[in-house]
Amino acid sequence: MNNNPNVQDGPSVGFMVLSIFFPVVGLILYFVWKDSQPLKAKSCGKGAIIGVIAGVVLAILFIALGACAVMMI
């Protein structure tokens, strides 16, 4: 383990937001940076998880609303 802290490493809101909208990118960045920049990688990982969860919730809502609309016809 390196005792010198990486000055470029730190939580990144920008990469987290990118990962929310593109979870696959966040996952890739997490694995690329997990050893060299762990804080930035953690931000990307969190964003990817949030993005996947939000996508699943939205898909369920759209399916439920579509089913309700079909039953009303």
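The structure presented is a predicted model; accordingly, all values stated were derived computationally and were not measured.
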Cluster link Val70 to Leu65, ILVMFWY, side chain under 4.5 Å: no
Spatial distance of atom CG (Leu29) from atom CD (Gln37) [nearest 0.5 Å]: 10.0 Å
Atom of Gln8, atom of Lys40 and distance for their closest heavy-atom approach: O-NZ, 3.4 Å
Hydrophobic cluster partners of Tyr30 (side-chain heavy atoms under 4.5 Å): Leu27, Phe31
Same cluster (ILVMFWY, side-chain, under 4.5 Å), Val25 and Val17: yes
All pairs passing ring pair (Phe, Tyr, Trp, His ring centres under 6.0 Å) where residues 33-69 contributes a residue, at least two apart: Phe15-Trp33
Met16 with Ile28, same ILVMFWY side-chain cluster at under 4.5 Å: no
Solution key, residues 43-60 side-chain donor-acceptor pairs under 3.5 Å, sequence neighbours excluded:
from: Ser43; atom 1: OG; to: Ser12; atom 2: N; distance (Å): 3.1
from: Ser43; atom 1: OG; to: Leu39; atom 2: O; distance (Å): 3.4

Backbone of Ser36 reached by a side-chain donor or acceptor of Asp9 within 3.5 Å: no
